[in-house]
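A short write-up of the structure that comes next.
Naming: A, B, ... by sequence-line order, numbering from 1 per chain. Keep in mind that this is a model prediction, so the values were computed, not measured.
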Protein chains: 2
Amino acid sequence: MIMKNESYLRELLQEHGLKVTLARMKVLDVLVSSPVALSHSDITHRLEGQEIDKVTLYRTLGAFTEKKLTHKVASKDRNWLYALHIHENEPAVDHDHAHFVCDSCEKIYCLPVNTEEQTPVIPTPVNFIVTSREYRLHGMCPDCH
Amino acid sequence: MIMKNESYLRELLQEHGLKVTLARMKVLDVLVSSPVALSHSDITHRLEGQEIDKVTLYRTLGAFTEKKLTHKVASKDRNWLYALHIHENEPAVDHDHAHFVCDSCEKIYCLPVNTEEQTPVIPTPVNFIVTSREYRLHGMCPDCH
DNA sequence: CACTCTATGCAACTTGGTTGCATTAATGGG
DNA sequence: CCCATTAATGCAACCAAGTTGCATAGAGTG
């Protein structure tokens, strides 16, 4: 296995209260090398020959997300995609997220959100052509409070 | 079957270039009576005793959406939810959508989007408590243009 | 009324994801 | 350094959502 920086990966796991195991190291290695969010099957393909059990992968991604090492986004075709929380362009807060979905290659990029403003501002990312927008507010509806 | 307004439903189908069939009338009847977007299984449950084949329901919803009688939103658990395009609070344009997701009852409401502004504005809906926001921009990434 | 073409229903299948359980391995204490 | 404890792994079996192919039924047109 070609690990970019084994001790860095090990530290990342430990910092997030995760036991260091082979499966987790493999998955984390794939995630740190990707600028875009990846699905279960993306990761499986990138582990070609190094595959881990599919259930283990699901549970690994679940554990990463629970411990806030990663976060998940639903893709266009409604699978979960996972991306590290530590990429520099990642929003600091947990509750406001913005993503850019390329309608051609379907990659999903994380965008920064400026939450200082009253109404959060999403700066249009340079070199990205935006053709449509989706907004989704979460909270409680009148029936539930 | 208790149809709210059979000839109205029939007209709606015809206006959208859809043949009037029993299955479509049933599904449309369910959709016009719902202020929130519904999933395949929501609709199946509301057709209790009147059920149509699941494949037919998928194809009916597909046809409705293709003919712009409905539009679809991905739910929290990543199923497709369908809602009529004709509710008054529905955005006029096809490419900017906003929804409110209740984290308690998980209903999904359509919100109007003011696209007159440079940066689209989503007015906070009255009586809804917003705790987090998700934004998703669609278009072309630098790799693809 | 008959013809045509679309919509329907059924069976079989694919993909994403989960559960239960037995086995294996990581870590902390002695 | 080893052992015990507890958590992670792998496997099989399962579930739900959604799709495909095909034969049949039913709308709509002339």
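With contacts defined as side-chain heavy-atom distances shorter than 4.5 Å, the pair B/L69/B/L31 does not qualify. For the pair B/H40/B/W80, no side-chain contact is recorded, criterion being any heavy-atom separation below 4.5 Å from C-beta on. When side chains are defined from C-beta on, A/S34 counts as touching A/R46, because their heavy atoms get closer than 4.5 Å.
Atom P of nucleotide C/dT18 and atom CG of A/N79 are separated by 12 Å, given to the nearest angstrom. Distance B/L81 CG to D/dA17 C1': 13 Å, rounded to the nearest Å. Going from atom CG of B/L22 over to atom P of D/dG28 covers 12 Å, rounded to whole Å. Rounded to a whole Å, the CG atom of B/D53 is 13 Å from the C1' atom of D/dT24. Put simply, CZ on B/R10 is 11 Å from C1' on D/dA27, counting in whole angstrom units. A straight line from CD of A/E51 to P of D/dC11 spans 12 Å, rounded to a whole angstrom. In this structure, the OH atom of B/Y58 is 18 Å from the P atom of C/dC13, given to the nearest Å. Taking atom NE2 of B/H40 as the reference point, atom C1' of D/dT19 lies 11 Å away to the nearest angstrom.
Of the side-chain N and O atoms in A/S41, none sit less than 4.0 angstrom from OP1 or OP2 of C/dT15. Between C/dA7 and B/T21, no contact under 4.0 Å exists linking OP1 or OP2 to a side-chain N or O. Note on B/S39: every side-chain N or O is 4.0 Å or more away from OP1 and OP2 of D/dA17. Distances shown here put a side-chain N or O of B/R78 below 4.0 Å from the OP1 or OP2 atom of C/dG17.
Of all non-hydrogen atoms in B/L12 and B/H16, the two that sit nearest each other are O-ND1, 2.8 Å.
For A/K54 and C/dG16, a side-chain-to-base donor-acceptor distance below 3.5 Å is absent, hydrogens and geometry of angles not being considered. With hydrogens and angles ignored, no donor-acceptor pair closer than 3.5 Å exists between the side chain of A/R59 and the base of C/dG17.
Hydrophobic clustering of Ile, Leu, Val, Met, Phe, Trp and Tyr side chains at less than 4.5 Å, counting indirect connections, unites A/V27 with A/Y8.
Both B/K19 and B/V55 lie close to DNA chain C; mapped to their nearest nucleotides by heavy-atom distance, the more 5′-ward contact belongs to B/K19. Each of A/A63 and B/L18 was matched to the nucleotide of DNA chain D holding its nearest heavy atom; the match closer to the 5' end belongs to A/A63.
B/K26 places no side-chain N or O within 3.5 Å of a backbone atom of B/I52 that could act as its donor or acceptor partner. In this structure, the side chain of A/R10 does not engage the main chain of A/V20 through any donor-acceptor pair within 3.5 Å.
Of the candidates D/dT9, D/dG28, C/dT27, D/dG28 carries the atom nearest the B/V20 side chain, counting heavy atoms from C-beta on. The nucleotide whose nearest atom lies closest to any side-chain atom of A/W80 is, among C/dG17, C/dT8, D/dT9, C/dG17.
Using a 30° and 60° split on the angle between ring planes, B/Y135 and A/Y135 fall in the perpendicular class, above 60°.
Taken over five-pair windows at either terminus, the axes of the helix from C/dC1-D/dG30 to C/dG30-D/dC1 are inclined to one another by 30° (rounded to 10 degrees).
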